[in-house]
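See structure below.
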Amino acid sequence: MLLTKKTAPANNVSRQGERESSSPFIHSLRRGLSGALPTMDRRAFLRRSGLGVGVGLAAGQLTLMRKAEAAGEARPTAVGAGKVEIKRTVCSHCSVGCASDAVVENGVWVRQEPVFDSPINLGAHCAKGAALREHGHGEYRLRYPMKLVNGKYERISWDTALDEITAKLKELRQASGPDSVYWIGSSKHSNEQSYLLRKFVSFWGSNNCDHQARICHSTTVAGVANTWGYGAMTNSYNDMRGAKVAMYIGSNAAEAHPVSMLHMLHAKEHGCKMIVVDPRFTRTAAKADEYVRIRSGSDIAFLFGILHHIFKNGWEDKQYINDRVFGMDKVREEVLAKWTPDKVEEACGVKEAQVLKVATWLNENRPGTIVWCMGQTQHTIGNAIVRASCILQLALGNVGKSGGGTNIFRGHDNVQGATDVGPNPDSLPGYYGLVEGSWKHFAATWGVDFEWIKKQFASPAMMSKPGITVSRWIDGVLEKNELIDQDSNLRGVFYWGHAPNSQTRGLEMKRAMDKLDLLVVVDPYPSATAAMAAMPGNPDDLNKNRAVYLLPACTQFETSGSVTASNRSLQWREKVIEPLWESRSDHMIMQQFADRLGFGKELSKNYKMQKVKGMDEPVPDDILREINKCVWTIGYTGQSPERLQAHMRNMGAFDVRTLKAKGGTRDKVNGYDMTGDYFGLPWPCFGTPEFKHPGSPNLYDTSKHVMDGGGNFRANFGVERDGKNLLAEDGSHSLGADITTGYPELDHVLLKKLGWWDELTEAEKPKAEGKNWKTDSSGGMIRVFMKNHGCHPFGNAKARALVWNFPDAIPQHREPLYGNRPDLMAKYPTHDDKMAFWRLPTLYKSVQQKNIADKVHEKFPYVMTSGRLVEYEGGGEETRSNPWLAELQQEMFIEINPKVAAEKGIRNGERAWVHTPTGAKLNVQALVTERVGPDTVFMPFHFSGHWQGVDMLGYYPAGAAPVVRGEAINTATTYGYDSVTMMQETKTTVCNVEKA
Amino acid sequence: MARMKFVCDAERCIECNGCVTACKNENEVPWGVNRRRVVTLNDGVPGEKSISVACMHCSDAPCMAVCPVQCFYRTEEGVVLHDKDVCIGCGYCSYACPFGAPQFPSQGTFGVRGKMDKCTFCAGGPEANGSEAEFEKYGRNRLAEGKLPACAEMCSTKALLAGDGDVVADIFRTRVVQRGKGAEVWGWGTAYGSQQAGTPPAGGVRK
Amino acid sequence: QPPAAPGTTSAPAAPAAPAAPEPAAGGIRGQNIFEVKPEASVDPNYANQTNGERIKVQPGNNAPMWRQVGQGVTGYSSLPKSEAPEAGNLIQPFVQYPGSRLTNAGEAWRQVRNDWIIPYGAAVLFVVLLALAIFYFTRGPIRLHGQETGRKIERFTPFERATHWSNAIAFVTLAISGIVMAFGKFFLMPWMGAALFGWIAYALKNVHNFVGPLFVVTMVFMVFTFIRDNLPRASDLQWLARFGGLFGGKEVPSHRFNAGEKVVFWGGVLFLGFFVIGSGLFLDKLLPGFVYTRGEMQVAHMVHGIATLLMMAMIMGHIYIGTLGMTGAYKAMRTGYVDETWAREHHELWYDDIAAGKIPAQRTVPTDSAAPAARPARPAEGTPS
Ligand SMILES: Nc1nc2c(c(=O)[nH]1)N[C@H]1C(S)=C(S)[C@@H](COP(=O)(O)OP(=O)(O)OC[C@H]3O[C@@H](n4cnc5c(=O)[nH]c(N)nc54)[C@H](O)[C@@H]3O)O[C@H]1N2
Ligand SMILES: Nc1nc2c(c(=O)[nH]1)N[C@H]1C(S)=C(S)[C@@H](COP(=O)(O)OP(=O)(O)OC[C@H]3O[C@@H](n4cnc5c(=O)[nH]c(N)nc54)[C@H](O)[C@@H]3O)O[C@H]1N2
Ligand code: HEM
Ligand code: HEM
Ligand code: SF4
Ligand code: SF4
Ligand code: SF4
Ligand code: SF4
Ligand code: SF4
Ligand SMILES: [Mo]
């Protein structure tokens, strides 16, 4: 088909005449130009619609976009005549990682074009991704540093801000030690920034840092890693195209990971059956072949209910379990005995017939995948729920298979990367534990003296003690000093890319904020925290000396760096525009603080500096190179900036189903040959960049050679347990491995025993001596083991159905602390209280018992759950400041069932008060819908700016309030934390609803 | 000549509003003007389906027929465009349009609405292709750049297809065959009627 | 999308099919969702099933939903009702307006407007114009038979005249602008071109929108001012029975306003005016408490269109009589005074009352120059004696 300039109105002769009369010359010029405009053939059309999958377009290197752009330049009338550049970036709103091309004209982001070549999104975007360019306006952003003076924010200079904050930090350090300051990092930071922040906090001398993953997938990371090695999504969105059945349990992908649905719907059209298990009939459920409504928090009962049928009918994959799974027999016994259909129905509310139907589908359709997200993780038993899901997949033999796996949809755009290499309180980058060996490994990489780092800490003991979690920082402030497991209470907090309304117990957070000595918010949109801090609270709580600063960070579009999508692929973002207003990049701000705190040189020893707006900024490429040099554990070593950048420029080379690059694809700029690489080098991408490991598209996949991304389960928990073999059984190894039995992880002893030591070069040997694969800075051991012998450096073991080091080795259903079913609480009680857990006392049983005694369920009869809307993200300050998005959701609302509405006399669209046991009340709009059952209500969590019925507009820094404000649900959420990771309970609590 | 059409596949559309913001972004559409919107039927109950709707660029366009100043015109590709210089903001097109496509920048007390705005199939307006004036009044002219509408190009699930009617129908048909359901091409009956592009309806030419 | 007849096998995908080669079209039909489980249609409730229910018995059959859509059922849209009241409506419901087919409301309205109001409205105006022209050229104006006496009677007080003229000016403005909106594209646009016409139409449209409410105000004054003397009287019947004596014979005696004028007043001004004003205010979105959906606007528009056209036709007659059609009439409204002869000839009963002193010949006390004609004794300026 030919797309030409449209003709003059054909239906209107007089107008045509008139137009022609304007100037015959112009007219003929126009006609001539229209002939010169680009044409589109059918194939190009298919591609542009993102449908030409597999249509190998010869002109793959040159995107159609650029072609069109080139044509545009020929047009004398093209909009603007300035310099036009195309910058390839990645959406910063969720873990799908959709690529987008930014058209920048004279430094202004003027357009956004889809990247059809991206195998991840094929040009597609949800509302947030399609509205990215608004970041280039930044109208509602904080423009310059500000300080709270007498209840109002006043503009100050960057130098004043940095100097004053540094002075305050030094003062706190002097008086109360480095652990008195808490650093909340961000899953919005690039890998380089997250990594640098962990390094920064280490040099400051503390482990008191954390980021969003804590309140997002921490239970997944811990639970899943303890099951089979890595706590990440095993396969990819793309790989789901090959699934025969997909069960979404606790994921509302249609709203939270919209573009992932592109792949799922494709699979569905090819026969994949889709099951959605959720307390709400979500937009995802609307696309399902089977929807199962469960009671919030009862996933284990449901999952084990399925497993009961599977075991009863012998549908489990016995060979697979024998070869690759430890402890399934114990689980089998328990499930058969305990989770009979009646118990299942009682606990989760699902009838036997439906559970059986789901079990039958899972049995008959393999490989099948299971998807989960916050519906499973955000519970006091989150760690156990996610393991129950793993166990189900293990029983079906679905893990380590294309089309199978546990597709755990991560949250923020870089929550995966920030978890991998960022500010975690219990580990150094790459999940290296807080032990001396790790510290030394990093000290060596960073080029600093281990003893120097040690001196920065309050004591050597504090160096290996996991810090407080972001979910509990408020207790670090409010808890009695003698009850906390560090010297001082928290006195200073840095909110460095995190919202306040995303943590629970808002009323107490307000108190904690008032008590602080120092609150610094480094964020492009710091306004939610700012308003909360400026709002008058209880005068008794207010610390008279409190200092509050707002520092404008720039967004990820104003700097460059890598970002790790949910499927573990890394993508490189080019810098789109210069930082707007007075904003600065996070790594520049870190450097500037480090300089003032006296460890600037140490921080950036291995980095070159580049000038941004005339100031020094560490070069992100160099930071990534440093990551490449030390993060061996999870294979962040192969993804050099050059390789990633080549991938980004040649996205069209990668297959949409397998993510593998076609042969003979070489980047024009740096000459890198991508043949055989998987897109974005999904970690683990082992060895040095030169080693050319292609990345691992699906984890633990024994059907592939390790040099082609294959693998097996990790040997991380010893070789034997209770006399049973923990390593994989014979014959169960990755394709082509020289060791065909199970084997432990690689270290110098093993390599020598195997007689392969001499395959190391002479240069490698001294570096490898006495080391294991995780600390061998030469990468030589990995090279020999993988390339020469096809073996996996982390060993070959069984996955654990039984995680003996967790509170419940076999996942146990336990009722939440706040629930509306005291009968079930009696049957499935929660854990015992814990005293020093992540430095804080943590309550379980005492709260639950008190709630039963107080009959909380009578006053607050509805289960209150929360989650996402497609238009907004996280705390929402960023997306609610984007008018294109804000227009689409202008009111904070509560979904209530028509039955509840009738009982309470509330009509659709009317206002309602929501009361919770904390004493908080929220004024929200009622949305009457059968989406939720009569026992459950749902609220989105993206709003803030109203506080218990009062608009906080007056407390915002001038000009930096978002377009839409509303009541934050977390003002009213209750106490409750996961028993392994301190994940906050946001999905199951209780409330009452009244007409306002 | 290609006849431009939209298809929204209700089996795929997930109400993500990507198409809506893509349009706002590409065409700098102001708050309150919704060239495209997404409507969900059976919201929250089994059978829920969403459809993204904008101007369908009807064959026998009612808007065009009622416009008192005849500011509409149809391009060779069947795209229904209008001339804002001529538009008087009377609102008649919005009364006539089955799909509620025409939008107005103001609410219309005293009948003051401003100039009508609607989906242009990303084909701009009567001004010179790609000119600043065209962009300011109508947004981008992607067709002239050899691109298809932003909304469809960015649709998160490829539910929304835009382009040559025969091609999109083909794609849609393949999907229907593959999945064996969801055959309804929403809105085509109303927008394109019995007639094919350009040919007048059986009953003769209507005004 | 016509409402799918439940249970039929016509795949609504048909529109997509014609251009396609047979096999592909056959492909769809082969997969026809309605045939998945044909026995399901035996259920007596089949036709009333919701989409959710239907999907259970016939997976993939969305006919109930499409039926709803065709009927204009409103779905969910997150846009607030206050800003986009009809965002949830996918397609306007089916209606049949008088004169249209049963079809989509927008289309039905278009049919009424474009097939009836515009052509027949134009015809009506044209016919009236033609009739008046013929009348004028064949019969000429109605002249006075007797000599003017030079004695003046005050027929309209300054207030009455002010009311009338402001009303008249508003009306004429509205009529001209209305006519441009309705018919301009047929007679002005080909002549002046789109750009100029668009500009003029835009200006006139806005004038219309703002003068409309002004007209409403003047109308209220008109009614109060003239209603008393327009109250029907016994003599009106006679007048009507003989067409005021228009076709032969002597003019039938009348009071201050004759029955013809009263018909204009009651029918043209009051009755039609009510609809014109009501619908006009509605179209202007000035009546409080309405949502102003497209459906309501269509109805309002049709009412407005018809009522204004009839009113214009009537007022055209009135204007004719008031100007070309009758000597002295215009002067009466302009200056306020008529000659005794005029009064006797045209409104004999009224004259009799004045002569009898029941009605004063001079109702206002003309002090300043505002009143153009001074005393009954003095001839009005420029009046030929
Ligand atoms: N638009 C948008 N997209 C996002 C985000 C965003 O803020 N906005 N955030 C990103 C982030 S950080 C994350 S972590 C992901 C989250 O993505 P999701 O987890 O998919 O999103 P949620 O809406 O939090 O929760 C998913 C579903 O869990 C259900 N649920 C609640 N309780 C239970 C339960 O006990 N069991 C089960 N099975 N289900 C339950 C809820 O009803 C909800 O439908 O989304 C990412 N994507
Ligand atoms: N009730 C309830 N609560 C929840 C959840 C729930 O489902 N229900 N979900 C939880 C989950 S899964 C998550 S992940 C959290 C999310 O909650 P948060 O992560 O706290 O929410 P966001 O608003 O996304 O916060 C990110 C902040 O980073 C800023 N930012 C963006 N880019 C940059 C940058 O480049 N640099 C810096 N410095 N800042 C930047 C943004 O402006 C924003 O203020 O909420 C949790 N809270
Ligand atoms: C009595 C004198 C009036 C006449 C002769 C008249 C005539 C007309 C005509 C012919 C149209 C165009 C119809 C079409 O194109 O289909 C129209 C439209 C309209 N009229 Fe009137 N009208 C009159 C009074 C009013 C009044 C009193 C109001 C408001 C109070 C009003 C408000 C409108 C509006 C709002 C429109 C719709 C077009 C637009 O919004 O511009 N009209 N009128
Ligand atoms: C240019 C336009 C008009 C002209 C030249 C005109 C002329 C006249 C004249 C000459 C009279 C006096 C008749 C008599 O003495 O009996 C009159 C009366 C009257 N006119 Fe008009 N007129 C015009 C417009 C209108 C309009 C628009 C209306 C109302 C909508 C109107 C309503 C009346 C009424 C109510 C009377 C009083 C007599 C009666 O009740 O019929 N006129 N007009
Ligand atoms: S928010 Fe997620 S799904 Fe949406 S465009 Fe961005 S990355 Fe893609
Ligand atoms: S959809 Fe509406 S605006 Fe678009 S061409 Fe059809 S009638 Fe006109
Ligand atoms: S609003 Fe403009 S485009 Fe629509 S009918 Fe009126 S003049 Fe025509
Ligand atoms: S075709 Fe263009 S103008 Fe029309 S809705 Fe889509 S993006 Fe908007
Ligand atoms: S972008 Fe696509 S899937 Fe999303 S609402 Fe629009 S049409 Fe539906
Ligand atoms: Mo998250």
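Labels below follow one simple rule: chain letters A, B, ... track the order of the sequence lines, proteins then strands, and each chain is numbered from 1.
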* Structure fact -> One should read off an interatomic distance between C/Ser177 OG and C/Asn206 CG, to the nearest 0.5 angstrom, of 10.0 Å

* **Pairs of heavy atoms under 4.5 Å with chain B: top-ranked of C/Thr74, C/Leu79, C/Asn89, C/Leu90** => C/Leu90

* SB check B/Asp166 B/Arg3 (cutoff 4.0 Å) -> no

* Measure the spacing between SG of B/Cys19 and CZ of B/Arg37 and express it to the nearest 0.5 Å. => 11.5 Å

* Asked: Can you tell which of C/Pro93, C/Ala87, C/Ala201 has the highest number of heavy-atom pairs within less than 4.5 Å of chain B?
  -> C/Ala87

* Structure fact -> Honestly, the part of C/Leu188 sitting under 4.5 Å from a heavy atom of chain B is neither

* Do you know which of B/Ile51, B/Val7, B/Val45 has the most heavy-atom pairs with chain C at a distance under 4.5 angstrom? -> B/Ile51

* So which part of B/Glu15 gets closer than 4.5 Å to some heavy atom of chain C, the side chain, the backbone, both or neither? -> side chain

* Asked: Can you check whether B/Tyr92 and C/His301 have ring centres sitting under 6.0 Å from each other?
  -> yes

* Asked: For C/Glu83, is it the side chain, the backbone, both or neither that has a heavy atom under 4.5 Å from a heavy atom of chain B?
  -> both

* To do: Kindly state whether the ring of C/Trp191 and the ring of C/Phe197 have centres lying under 6.0 angstrom apart.
  => no

* Under 4.5 Å heavy-atom distance to chain C, tell me which part of B/Cys67 shows up: side chain, backbone, both or neither. => backbone

* Angle class for the B/Phe72/B/His82 ring planes (parallel below 30°, perpendicular above 60°, tilted otherwise)? -> tilted

* Asked: If you count heavy-atom pairs under 4.5 Å between each of B/Val53, B/Val38, B/Asp85, B/Asn42 and chain C, which one has the most?
  -> B/Asn42

